[in-house]
Amino acid sequence: MTTDLTTELDDFDALTARYRRELLAHCYRMSGSTHEAEDLVQETFLRAWKASRSFEGRSSVRTWLYRIATNVCLTNLENKPKRPLPSALGTPDATVGELDADPEVPWLEPVPDAAVVVAERDSIRLAFVAALQHLPARQRAVLILRDVLRWSAKETAAALETSVAAVNSALQRAHAQMHQQGLTDETVAEDLNPAQQRLLDRYVDAFWRKDLTEIVDLLTTEASWEMPPFTGWYVGADVIAELIGTKCPGGGYDMPMVRTDANGAPAFGLYMRTPAGHFEPFHLQVLDLDGDRVRHVSAFFDTRLFATFGLPPRLPADHDPSTSGTAGTAGTP
C-alpha cells in the first residue's frame, strides 16, 4: 500500500491537478475568501512537496493533503478578523438612505462553482460559509472535518493534534453556534427546474429594462438584499425596488447580465453602460431562490470577481441580453 501511495506522490503535477479543486473548496470554507483560498492551496502543495519523501502511507494521500491544508488554514487565520456579510453586522435598514461603504472590512467572497469540487452543494452555499465565519478557527475546522468531510472524531483529533474529547466538545459548541445563526438543513436543488429558469430569464430582462414593478414581482415579499462593501442591507421587495430605483445609476437598457454560478447557486455578472457606449463590470449577484421567486441577493461590488469567475472584462455597445439568453454560463476561471 505504501508503495502505491508513494508512487502517487512521484507525479506531483498529476497530484496537484487531481486534488486542487476540492482543496480549494476546503480552504475557501475555512477562509471565506476565494483569493486567499488559492494562496492557501498553493502553500498546501508546497508543504506536501517538501514533506513527500517522509510520507509513510499511514493514511491516504487525500487525507494527508487535507491535514496539511487544514493546518495551513489555521496558521493563516491566527489573529485575523472574521469575514462577514453586511447582514451579520446588525439589523436591516428601514429606509433607503445614503450608502456607506467600508472597504476596510475583509468581506466574505463568493466562489465560482467551476473552480471547486464538492460532494454536497449545501456545504459551499453562501449561508453556510457565512455562518462558518462566526466560529473560532479551530471550531470551524472541526465542524468542516466532521460534518462536511465525514471524518471520524479520531481522524479529526489526529489532524488537529488534540484529543477525541476536545473534538467532540468543539463540535458541540460549533453546532450550537450554527443553530444560533439560523442555518437550516434544507438542501440546494441540484438543477434549476423550468419555472426557475423562466424566473431567471425574467430577472435578467427586468434589470435590462429597469422595470421595478417586474423586479418586485420576482422577489418574495420578505426578500433581502445586501451588497458588500456597503454596510447596509435591506428587507422587503418594495424597499429593494426603491434601492434599485434611487441608488442604481443605470437606466433602461444600461444593465445587461451574464450568467455564471457561485456557491451552488445561480449568479450574474451585472454590467453598466459607460459614456462611451460599451458595458463594464459593476457587481456580481448571487441569488438564493425560494421556489419560483428570489428570496435573497448578495451583490458583490468587487469587480476583481469578474476575472475570478471567467466573466468578460467588458461587453460591446450592441450587446443585448434579450437575444443571448441566460442558459449559458461564463467560462471556467
Side-chain angles (χ1 to χ4, degrees), residues 34-35 85-86 93 96-103 107-110 112 126 199-219 223-234 237 239-263 265-288 294 296-331 333:
T34 306
H35 297 101
L85 286 172
D93 290 68
V96 179
E98 292 299 317
L99 301 181
D100 295 320
D102 190 342
W107 298 102
L108 182 69
E109 298 173 353
L126 271 177
L199 163 68
L200 297 183
D201 290 338
R202 291 174 60 195
Y203 189 82
V204 169
D205 181 64
F207 270 87
W208 178 234
R209 293 183 295 107
K210 202 173 185 180
D211 185 336
L212 301 180
T213 301
E214 177 76 349
I215 290 173
V216 168
D217 189 53
L218 299 176
L219 302 174
S224 53
W225 183 287
E226 57 190 334
M227 44 188 187
F230 298 100
T231 56
W233 62 289
Y234 307 86
V239 176
I240 292 170
E242 181 186 355
L243 173 72
I244 296 168
T246 61
K247 299 301 181 182
C248 185
Y253 309 105
D254 284 340
M255 298 183 289
M257 289 179 167
V258 175
R259 172 70 191 279
T260 184
D261 293 282
N263 297 80
F268 293 96
L270 185 146
Y271 293 75
M272 190 66 66
R273 191 183 296 276
T274 67
H278 67 277
F279 304 93
E280 294 188 350
F282 187 63
H283 67 224
L284 181 84
Q285 293 187 18
V286 182
L287 276 57
D288 182 17
V294 178
H296 184 81
V297 176
S298 298
F300 296 89
F301 280 78
D302 181 353
T303 55
R304 295 178 305 163
L305 292 169
F306 280 67
T308 301
F309 277 78
L311 291 163
R314 59 185 283 169
L315 298 175
D318 62 354
H319 179 84
D320 185 346
S322 65
T323 61
S324 58
T326 65
T329 58

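Pro228 approaches Leu85 most closely through the heavy-atom pair CG-CD2, 4.2 Å. Closest approach of Val96 to Val239, counting heavy atoms only: CG2-O, 3.8 Å. The nearest pair of heavy atoms linking Phe268 to Thr260 is N-CG2, 4.3 Å.
For Thr303 (side chain) and Pro281 (main-chain N/O), no donor-acceptor pair under 3.5 Å exists by modelled atom type. Looking at Glu226, its side chain never comes within 3.5 Å of a backbone N or O of Trp233 through a donor-acceptor pair. Listed for the Asn263 side chain is no donor-acceptor partner under 3.5 Å among the backbone atoms of Ala265.
Atoms CG and OG1, from Asp302 and Thr34 in turn, are 9.5 Å apart once rounded to the nearest 0.5 Å. Atom CG of Leu284 is separated from atom CD of Glu109 by 11.0 Å, given to the nearest 0.5 angstrom.
You'll find the side chain of Met227 stays beyond 4.5 Å of the side chain of Lys247, heavy atoms only. Met272 places a side-chain heavy atom less than 4.5 Å from the side chain of Met255.
For the side chain to side chain contact (heavy atoms under 4.5 Å, CB included) with Phe282, the lone residue among Phe301, Phe306, Tyr271 that qualifies is Phe301.
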Residues Leu199, Val294; criterion side chain to side chain contact (heavy atoms under 4.5 Å, CB included); working and verdict:
CA-CA 8 Å; Leu199 163 68; Val294 178; 4.1 Å; yes
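Partners of Phe207 under the ring pair (Phe, Tyr, Trp, His ring centres under 6.0 Å) rule, at least two apart in sequence or in another chain, are Tyr203.
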